[in-house]
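First up is the structure itself, then whatever we jot down about it.
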Amino acid sequence: MWTWLPAGWRVHQRVVGIVREEMDAIGGQEMLMPVLQPAEPWRKTGRIEIEELFKLADRKGSELVLAMTHEEAVTTHVAQVVRSYRDLPLILYHFQVKERDEPRPRAGVLRTREFVMKDSYSFDRDQAGMDERYQLHVGAYDRMMARTGLRFYRVEGDVGMMGGTGAHEYMAPCAAGEDDVVLTESGYAANAEVVRAQLGKEQLDPAVDRMGGESFELEKAIEIGNIFKLGTRYSEPLGARYLDEHGAELPIWMACYGIGPARIVAAAVEQYADEHGISWPRSLAPFQVHLVALGKPGTPERDAADALYATLLAGGVEVLYDDRDAGTGEKFADAELLGCPLRLTVGRRSLESGEIEVQVRRGRAEAPALRLDAEPRQLLAELRARLDELP
RNA sequence: CGGGGAGUGGCGCAGUCUGGUAGCGCACCCGGCUGGGGGCCGGGCGGUCGCAGGUUCAAAUCCUGUCUCCCCGACCA
C-alpha cells in the first residue's frame, strides 16, 4: 500500500486533469461510485467467485465487497434510470479507488492492491452504438496518451475475465514492464499474450516465428489503459434494458474503459529518468519551473530571487522555489532529482551579468539566459515561449 | 501456493558462525566557517536488536514458536 507524497500527487492529479478533459470532450459525465458495495450484484454477475475480489461482512453479517471495477454499480444505476432508447447513449465515468487481492503486488506502484482508476462505461441501444462509443474512446485515449508525453502503443488485447467481444490495451514501453508487446514492421502491435494464444504457442521467438509472414520484435511494456467491448455481459444479469420505438424491451449494449494514472506516472518516470533523477514530460511535471535561489537571506542576490519568484507567482507560472539554507550542489542535485522541465538559477553571478541562468532538465542542457531586469510581462512571455518548446 | 532473502537509532548497514560494556555511514540538533554542483571543523541527541517463550552466571548472538517485509515463479480484469 502506497502513500502519494505532495510532489508525486501533483503529477498524479495532472494525469487526472488530462484524462478528465478528454473524457468530457467526448460527452462523458463524471460521477462517483462507492468502493464498499453490497455483494448481491456481484452474485448476479457471477463475479463474486473471483479470487481477487475482497469480500467482507459488516457487524450485522451482511456480505460486502470492495469493488475491483464498477460494472456492477454503474449498471445497477443505469438499470434503474434508463427506460427508453431516448435515454441512450450514455457515457459515465469516475476516478475511484480499486481494490484487488493480487497474489503478488510488485514493482512499486506498477502493481498494487489499491489504486485509483479512471473507469468509464458506455451504454447504447445496439452493437453499432457500442462500436461508435468505443471508437470515441479510442480517439480520446489516443489524445490522452499523446498529451502525457509518453511513448505508447495501442495494441490488440485480451478480453480476459471481463468477458465481451473485443479489447485494446495501451502499453507504455519500458524495461520494468510486466507485459510483452509484439511489434511488426508494418506497424501491427499486439499483446504478446494474445499472439501466443492465436498461434497456439507457449513462447514466441522473434528469430524463428513470423506474424503473417512478417518478422517482429518483442518489447517490455507497462499496461496503462485498456478498453473492452462488453456487449450485454452485465446488462443481462443486472436487468439494464430499454424500450425501443416499437415497444420491444431490449438489453443495453455496454463497453468499459480503464486507465491507471499511477501507471502513467510510473511509466513516465521509467521512460525519461536518467542517472540524475526524474525528467518529467512537461504536461505531467509537478511544477513547470524550479527556481533555485543562491546566497543567504538579506543578500542582494536573494532579494533578486525573491522578486523573481513573486513575479512568476503573479504571472500564474507553476513554480517551486528553493530558498532553503542549503548548499548549491545540494539544490541543483535535488532539482534534477525532482525533474521539473526548466530550472532557473539566481545568484551572485546573476547580479553581475544581469541574467537568470536557465537549464533544461531533459538532457541537462544550458539554455540562453533570461534578462533579470526585463519587464515582468516580457519576462513571463519569454518564459512561456521557452516552456512551450519543451517536450 | 512453490522457492529464496531480510527484520539491529529516522534511513542504509556491520556485529550473529565462535554468547561477555551495541557500532559505522548518512540524516537530525547546537556552535562556527563556507556560499555556483550533494562543502568543512567541533560538540551532541537518539536503539527494550520484530514479537513470545526457552537454554545460560550472562543472549542481538544458541534453541523453539510466531509475525512482518522484500525478491523470483505461478496468477493477473
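Lettering of chains follows the sequences in order, A, B, ..., and the numbering in each one begins at 1. Please read these numbers as outputs of a predicted model, since none were measured by experiment.
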Exercise for the section: Classify the nucleic acid contact of R113(A) as base, sugar-phosphate or nothing, counting any heavy atom under 4.0 Å across all strands shown. Expected result: nothing

Exercise for the section: Using both distances under 3.5 Å as the test, list the Watson-Crick or G-U wobble partner of G19(B), or none. Expected result: none

Problem - Side chain of E336(A) (C-beta onward), nearest among G38(B), G35(B), G37(B) - result: G37(B)

Exercise for the section: Quick one: label D325(A) by what it contacts on the DNA or RNA (base, sugar-phosphate, nothing), any heavy atom closer than 4.0 Å. Expected result: base

Exercise for the section: Scan side-chain atoms only and decide if R147(A) and S283(A) contain a donor-acceptor pair under the 3.5 Å cut-off. Expected result: no

Problem - Nearest-Å distance once atom C1' is located in both A6(B) and G43(B) - result: 36 Å

Problem - Base-pairing mate for G73(B) - Watson-Crick or G-U, with both contacts under 3.5 Å - result: C1(B)

Problem - Short side-chain to backbone donor-acceptor contact, R241(A) and P251(A), under 3.5 Å - result: no

Problem - P gap between G25(B) and G20(B), integer Å - result: 22 Å

Practice task
May I ask you to verify whether the side chain of R324(A) and the base of G38(B) hold a donor-acceptor pair under 3.5 Å?
Solution key: no

Exercise for the section: Ignoring the backbone of Q359(A), work out which of C75(B), G38(B), G37(B) is nearest its side chain. Expected result: G37(B)

Exercise for the section: May I ask you to check whether over 12 heavy atoms, not counting those of R10(A), lie within 6.0 Å of atom CZ? Expected result: yes

Problem - Rounded C1' spacing from U8(B) to C13(B) in Å - result: 9 Å

Problem - Between C1' of G37(B) and NZ of K331(A), the distance in whole Å - result: 13 Å

Handout entry: Whether E214(A) side chain and S186(A) backbone form a donor-acceptor pair below 3.5 Å
Key = yes

Problem - Nearest-Å distance once atom C1' is located in both U21(B) and G47(B) - result: 15 Å

Exercise for the section: For C63(B) versus G19(B), give the span between their C1' atoms, rounded off to a whole number of Å. Expected result: 13 Å

Problem - Aromatic ring pairing Y309(A)/Y321(A), orientation class (parallel under 30°, perpendicular over 60°, tilted between) - result: parallel

Handout entry: Atom C1', compared across G37(B) and C28(B): separation rounded to whole Å
Key = 23 Å

Completion exercise
Checking N1-N3 plus N6-O4 or O6-N4 for Watson-Crick, or N1-O2 and O6-N3 for wobble, each under 3.5 Å, the partner of C33(B) is G39(B)

Practice task
Using Watson-Crick or G-U wobble geometry with both distances below 3.5 Å, tell me the partner of C26(B), or none.
Solution key: G10(B)

Handout entry: Atom-pair distance (CG on D334(A); C1' on G38(B)), nearest Å
Key = 8 Å

Handout entry: Whole-Å gap separating P (C76(B)) and CD1 (I222(A))
Key = 20 Å

Exercise for the section: Nearest whole angstrom, please: distance from the C1' of U34(B) to the CG of L294(A). Expected result: 13 Å

Exercise for the section: For G347(A), answer base if it contacts any base atom (sugar-phosphate contacts may also be present), sugar-phosphate if it contacts only those atoms, and nothing otherwise; contact means non-hydrogen atoms under 4.0 Å. Expected result: base

Exercise for the section: Using whole Å, report how far CG of L110(A) lies from P of C76(B). Expected result: 18 Å

Practice task
Using the C1' atom on both, measure A22(B) against U61(B) and round to a whole Å.
Solution key: 12 Å

Practice task
Please say whether more than 12 non-hydrogen atoms of neighbouring residues, nucleotides or ligands are located less than 6.0 Å from CD in E217(A).
Solution key: no

Problem - P-based separation of C57(B) from C30(B) [nearest Å] - result: 49 Å

Practice task
Can you tell me the pairing partner of C62(B) across any strand shown, Watson-Crick or G-U wobble, with both distances under 3.5 angstrom?
Solution key: G54(B)

Exercise for the section: For G295(A) and for E178(A), locate the closest nucleotide of RNA chain B by heavy-atom distance; then report the residue assigned to the nucleotide nearer the 5' terminus. Expected result: G295(A)

Handout entry: Options G38(B), C75(B), G37(B), nucleotide nearest the side-chain atoms of T328(A)
Key = G37(B)

Exercise for the section: Remember a base hit wins even if backbone is also touched, and classify R343(A) as base, sugar-phosphate or nothing at under 4.0 Å, heavy atoms. Expected result: base

Handout entry: Under-3.5 Å donor-acceptor pair between R111(A) side chain and C76(B) base
Key = yes

Exercise for the section: Kindly give the heavy-atom pair with the smallest separation between L370(A) and R386(A), and that separation in Å. Expected result: CD2-NH2, 3.9 Å

Exercise for the section: Provide, to the nearest angstrom, the distance between the CG atom belonging to D179(A) and the P atom belonging to C76(B). Expected result: 12 Å

Fill in the blank from the handout: note: E352(A), atom CD; G35(B), atom P; distance rounded to Å ~ 13 Å

Practice task
Send over the distance from K296(A) NZ to G35(B) P, rounded to a whole Å.
Solution key: 8 Å

Exercise for the section: Scan T299(A) against the nucleic acid and name what it touches under 4.0 Å (heavy atoms): base, sugar-phosphate only, or nothing. Expected result: nothing

